[in-house]
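Below you'll find the structure I mean.
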Amino acid sequence: MADLVERLVPDELWALFRRVVPPSEAIRPQGGGRRRAGDRKTLAAIIFVATSGCTWRQLPPVFGPSWQTVYRRFAQWSRARVWARLHRVILDELGARGELDWSRVCDRLRQHAGRKRGPLTGPNPTDRGKPGSKVHLITDRNGLPLSLGIAGANMHDSLGLEPLVRGIPPIRSRRGPRRRRPGKLHADKGYDYDHLRRWLRRRGVRHRIARRGTESSQRLGRHRWVVERTVSWLGGCRRLHRRYERKAEHFLAFVGIAAALICHRRLSKAAVPQRPR
């Protein structure tokens, strides 16, 4: 079991997680009671649920804590925005090592059908009106997610651009101050609106948005294939294949976990010294 926990939560990821998780000292005035389940084992169980796509009740007992404890801890950390803070800490580490490429960023969305109705769901116009959600994301030139958001499946794509750009956090750089403004933004024809172009210019962001009816999207695909690959990376988190969570904050939490795992995988590769050829 220890090998499984260390494989799901390596020492580097655990050290970063401890920087963002709130203090967990439980004091019982009456004394007694069970010892609190360890956060590392609980985090490993949450990552297992996110990557395998199993339900909470199907969680194997090898992790130690019961599925009720794991779910309760997941809900507490989601309310405390632990996953968004973990994603930002990993982005800071990547930025400090020069692993983020701000020259071009891309915007993309992904449809997710849902079995349950809840906040930020809507009838999917491309799937016979079934309820579902959209995942919006902005990535850097290497495909690392910088900003994430969810919305109902019936919300127009263009309405998600401004919140995503505003949601890019100030990230550390190898040299100089923190940065949150990309050099250029690429987007498809769903964002072809003059007010969006004016808004990006006011923020000092160059844009390359395909125009409807006048140009092909194939040229834009020379750069946007990176974000398409990131969408496939998100598919590695099988919990995101369908929206099972009724609460929007829980679905957003799994999106944040997937983004944090993608960025940590890149951070782990950057930490490995390259052999001379």
Side-chain angles (χ1 to χ4, degrees), residues 1-10 13-14 16-18 20-26 28 33-87 90 110-122 124 130-135 137 145 148-153 233-265:
M1 192 271 292
D3 295 338
L4 178 61
V5 172
E6 292 179 0
R7 182 171 61 86
L8 293 173
V9 185
L13 180 60
W14 174 239
L16 295 172
F17 182 79
R18 292 181 62 184
V20 299
V21 67
S24 57
E25 290 295 332
R28 296 171 55 90
R34 282 187 173 185
R35 184 189 299 268
R36 187 178 187 272
D39 285 344
R40 186 167 185 174
K41 295 180 180 179
T42 307
L43 176 61
I46 293 173
I47 293 178
F48 180 84
V49 171
T51 54
S52 67
C54 70
T55 64
W56 295 107
R57 294 179 181 270
Q58 293 174 336
L59 187 67
V62 296
F63 294 99
S66 64
W67 71 266
Q68 296 93 333
T69 299
V70 176
Y71 173 76
R72 186 164 53 248
R73 200 80 56 86
F74 168 78
Q76 294 173 356
W77 290 343
S78 299
R79 286 193 299 269
R81 295 183 56 82
V82 169
W83 315 115
R85 292 158 59 188
L86 176 63
H87 181 211
I90 298 176
R110 181 183 178 182
Q111 301 278 359
H112 294 266
R115 294 185 176 180
K116 299 181 179 179
R117 296 182 181 273
L120 299 182
T121 61
N124 190 343
K130 294 180 181 179
S133 300
K134 290 180 179 179
V135 175
L137 70 154
L148 302 159
I150 61 174
W233 287 346
L234 289 176
C237 185
R238 298 182 62 86
R239 190 73 179 192
L240 298 180
H241 286 192
R242 298 178 66 89
R243 176 170 172 176
Y244 297 98
E245 285 69 36
R246 185 180 298 274
K247 294 184 178 181
E249 65 177 4
H250 291 179
F251 184 63
L252 182 61
F254 279 118
V255 176
I257 291 173
L261 293 178
I262 291 172
C263 294
H264 179 262
R265 185 163 61 241

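Computed from a prediction, not measured in an experiment: that's the story for all the values here. Scope of the values below: all heavy atoms of this structure, side chains included, with no hydrogens, waters or symmetry mates.
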* How long is the gap from CG on L43 to CZ on R73, to the nearest 0.5 Å? -> 10.5 Å
* To do: Return the minimal non-hydrogen interatomic distance between E245 and R243, and the atom names on each side.
  => O-NE, 2.9 Å
* Asked: What pair of heavy atoms forms the shortest contact from P10 to H264, and how long is it?
  -> CG-CE1, 4.1 Å
* Can you check whether L252 reaches E249 side chain to side chain, under 4.5 Å on heavy atoms? -> no
* Asked: If we only count heavy atoms from C-beta on, is the C263 to H87 side-chain gap below 4.5 Å?
  -> yes
* Which atoms form the tightest heavy-atom contact between A44 and L8, and what is the distance? -> O-CD1, 3.4 Å
* Asked: Restricting to pairs with a member in residues 76-87, which pass salt bridge (Lys or Arg N to Asp or Glu O under 4.0 Å), not counting sequence neighbours?
  -> none
* Asked: Side chains of I90 and L13: closer than 4.5 Å at any heavy-atom pair?
  -> yes
* Side chain to side chain, R18 and R40, heavy atoms closer than 4.5 Å -> no
* Structure fact -> With sequence neighbours left out, the residues meeting side chain to side chain donor-acceptor pair (under 3.5 Å) with W77 are none
* Look at the side chain of H241 and the backbone N and O of G235, then say whether any donor-acceptor pair between them is shorter than 3.5 Å. => yes
* Structure fact -> Minimal heavy-atom distance between A259 and L234, with the atoms involved, is N-CD2, 4.5 Å
* Rounded to the nearest 0.5 Å, what's the gap from NZ on K41 to CG on L4? Could you check? => 11.5 Å
* Hey, are the side chains of P61 and W67 touching, using non-hydrogen atoms and a 4.5 Å cut-off? -> no
* Structure fact -> side chain to side chain contact (heavy atoms under 4.5 Å, CB included) with R239: of V49, I257, I46, only one passes, and it is V49
* Quick one: OH on Y244 to CH2 on W56, what's the gap to the nearest 0.5 Å? -> 13.5 Å
* Heavy-atom closest pair, residues V70 and T42 -> CA-CG2, 4.1 Å
* To do: Return the orientation label for the F74 and Y71 ring planes: parallel under 30°, perpendicular over 60°, tilted otherwise.
  => tilted
* Hey, does L261 have a side-chain heavy atom less than 4.5 Å from the side chain of T51? -> yes
* Would you indicate whether the side-chain heavy atoms of W233 and P145 approach each other to under 4.5 Å? => no
* Taking the side chain from E6 and the backbone from D3, do they hold a donor-acceptor pair closer than 3.5 Å? -> no
* Report the C-alpha separation of V135 and F251 in whole Å, then their side-chain angles, then the decisive distance to 0.1 Å, and conclude whether the side chain to side chain contact (heavy atoms under 4.5 Å, CB included) test is met. => CA-CA 10 Å; V135 175; F251 184 63; 4.0 Å; yes
* Asked: Considering only heavy atoms from C-beta outward, does the side chain of P65 approach that of F63 to under 4.5 Å?
  -> yes
* Hey, what do you get for CD1 (I262) to CG (L137), rounding to the nearest 0.5 Å? -> 8.5 Å
* Structure fact -> Nearest heavy-atom contact between A258 and L240 is CB-CD1, 3.9 Å
* Taking atom CZ of R72 and atom OG1 of T69, what is their separation to the nearest 0.5 Å? -> 4.5 Å
* D39 and W14: CA distance, side-chain angles, deciding distance, side chain to side chain contact (heavy atoms under 4.5 Å, CB included) verdict -> CA-CA 9 Å; D39 285 344; W14 174 239; 3.7 Å; yes
